[in-house]
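Naming: A, B, ... by sequence-line order, numbering from 1 per chain. The analysis underlying the following values was restricted to heavy atoms, covering all of them including side chains, and did not include hydrogens, waters or symmetry mates.
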Number of protein chains: 2
Amino acid sequence: MNKQTNSGSYDLSDFLPYLMTQAADQLSMEFQTYYREKYKMLRTEWRVVFHLGTFSELTAKDICERARIHKTKVSRAVSALDEKGYLTRKIDTNDRRHTVLHLTKAGEEVFVDLRDAAMGFDAKLREELSDEDFEVLHRLLLKYAKL
Amino acid sequence: MNKQTNSGSYDLSDFLPYLMTQAADQLSMEFQTYYREKYKMLRTEWRVVFHLGTFSELTAKDICERARIHKTKVSRAVSALDEKGYLTRKIDTNDRRHTVLHLTKAGEEVFVDLRDAAMGFDAKLREELSDEDFEVLHRLLLKYAKL
DNA sequence: TAAAATTCGTTGCAAATGAAACGATGTCAA
DNA sequence: TTGACATCGTTTCATTTGCAACGAATTTTA
């Protein structure tokens, strides 16, 4: 019924959180290499770019909530992207605690490139799966991710 | 056909590596809290304990390969576990570059407790899934994790 | 067998992370 | 009003990580 190698013993690969973490790490590797090498970006930076590319104008807080990233990490990612010239920050005149972010032209180009790369990678993965397998996987991951 | 929220736009939750990372993070959270608070252990430390508990005697190198963890991290985890009194190190007399590790009595108790907690957590997750869903999920994760 | 190369594990250093405190701003209630 | 509290984002500090260099032990090669 299950895939234990030693009869009676509990294997780490039976532990779903472990197995999923390993799988996610393997799947993320290739794409991570791409944005790290091509744009010298960290994971949080690429996620911020993605959210801004998709939703145009967001505050750091918005990104924290959407992406479930701690505000410290987002703050540093935003600073790094600002220094790279990929986004601008504009203080909200209605509530000066808020800073509205949006991508520059250069940032937009990075977004388009990375989004296309992600879509291509995704399409490739999907081709290897039957529709049924994909449906189950996507549904369960969505459920666990609580997105 | 797919779950996009904005027609025509590509959502991050469509990107399998991202979605799986988020799901894995959510699933790992509860268990992580358990070993962090109860035993002040880091993730790598619990994994080392698990491998030693399962396979009794291993070198640091063995653990690196089995768990796909960098030797630096394993080295530091082993040192930490040694200081906590959970394992012993014994230089291999046949090849003095190797150090054979194994759990102490205290380490064994930690292993049993954590393994049981993991099994319980796993069983709870599985109850919520149909056999078909579980089969698909487990098979695909094993495939991607390349374990 | 001597020199070069390899392996195992550790260490030093720079980068990345997490938690808590902070300043600036805004809200609410006395 | 003004004083207490909440929010947004940054900064500081301690911890964790990744990379490269290293020492000791062993194997390979010339």
What I'd like to find out is whether the side chain of B/Thr54 reaches to under 4.5 Å of the side chain of B/Arg115, using heavy atoms alone. no
Cation-pi between B/Arg126 and B/Phe134: NZ/CZ under 6.0 Å from ring centre and within 45° of the ring axis? yes
With sequence neighbours left out, which residue pairs that include part of residues 40-50 of chain A fulfil the side chain to side chain donor-acceptor pair (under 3.5 Å) condition? A/Glu45-A/Lys84
Among B/Met41, B/Lys105, B/Glu109, which residue meets the side-chain contact (heavy atoms from CB on, under 4.5 Å) test with B/Tyr86? B/Met41
ring-ring contact (aromatic ring centres under 6.0 Å, His included) contacts touching residues 98-125 of chain A (sequence neighbours left out): A/Phe50-A/Phe111
For residues 116-125 of chain A, which residue pairs qualify under salt bridge (charged side-chain N to carboxylate O under 4.0 Å, His left out), counting only residues two or more places apart or in two chains? A/Glu30-A/Lys124
Compute whether any side-chain donor of one residue and acceptor of the other, for A/Asp25 and A/Ser28, lie under 3.5 angstrom apart. no
In whole angstrom, what separates B/Asn94's CG from D/dT26's C1'? 12 Å
Test salt bridge (charged side-chain N to carboxylate O under 4.0 Å, His left out) applied to A/Glu108 - qualifying residues, sequence neighbours left out: none
Distance only, no hydrogens: is a donor on one side chain within 3.5 Å (strictly under) of an acceptor on the other, for A/Asp82 and A/Ser79? no
Pairing residues for B/Lys61 by the salt bridge (charged side-chain N to carboxylate O under 4.0 Å, His left out) criterion, not counting sequence neighbours: B/Glu65
A/Ile91 has an atom CD1; how far is it from atom C1' of D/dG9, in whole Å? 10 Å
Lys/Arg N to Asp/Glu carboxylate O, B/Asp92 vs B/Arg97, below 4.0 Å: no
Heavy atoms within less than 4.0 Å of DNA chain C: which residues of residues 39-49 of chain B have one? Give them sorted by number. none
Where does the chain A footprint on DNA chain C start and end, counting 5' to 3' with a 4.0 Å heavy-atom cut-off? C/dA16 to C/dG26
Hey, is B/Asp133 close enough to A/Arg139 for a salt bridge, meaning N to O under 4.0 Å? yes
In whole angstrom, give the distance that lies between atom CZ of A/Arg97 and atom C1' of D/dA6. 7 Å
Any residue meeting salt bridge (charged side-chain N to carboxylate O under 4.0 Å, His left out) with A/Glu57, in chain and number order, not counting sequence neighbours: none
Looking at residues 23-32 of chain A, who's got a heavy atom less than 4.0 Å off DNA chain D? none
Should B/Cys64 and B/Val74 count as side-chain neighbours, where that means a heavy-atom distance under 4.5 Å? yes
Using the test side chain to side chain contact (heavy atoms under 4.5 Å, CB included), find all partners of B/Arg68 that sit at least two apart in sequence or belong to another chain. A/Gln22, A/Gln26, B/Lys146, B/Leu147
Members of residues 73-81 of chain A that approach DNA chain C, where some heavy atom sits under 4.0 Å away: A/Lys73, A/Arg76
Protein-nucleic acid N or O pairs under 3.5 Å, nucleotides 20-23 of chain D:
none

For atom NZ of B/Lys143, decide whether the heavy atoms of other residues, nucleotides or ligands shown that lie under 6.0 angstrom number more than 12. yes
To the nearest Å, give me how far apart CG (A/Leu101) and C1' (D/dC8) are. 12 Å
Taking CZ from B/Arg96 and C1' from D/dA25, how many angstroms apart are they, rounded to a whole number? 8 Å
If you find the nucleotide of DNA chain C closest to A/Arg36 and the one closest to B/Lys61, which residue's nucleotide is nearer the 5' end? B/Lys61
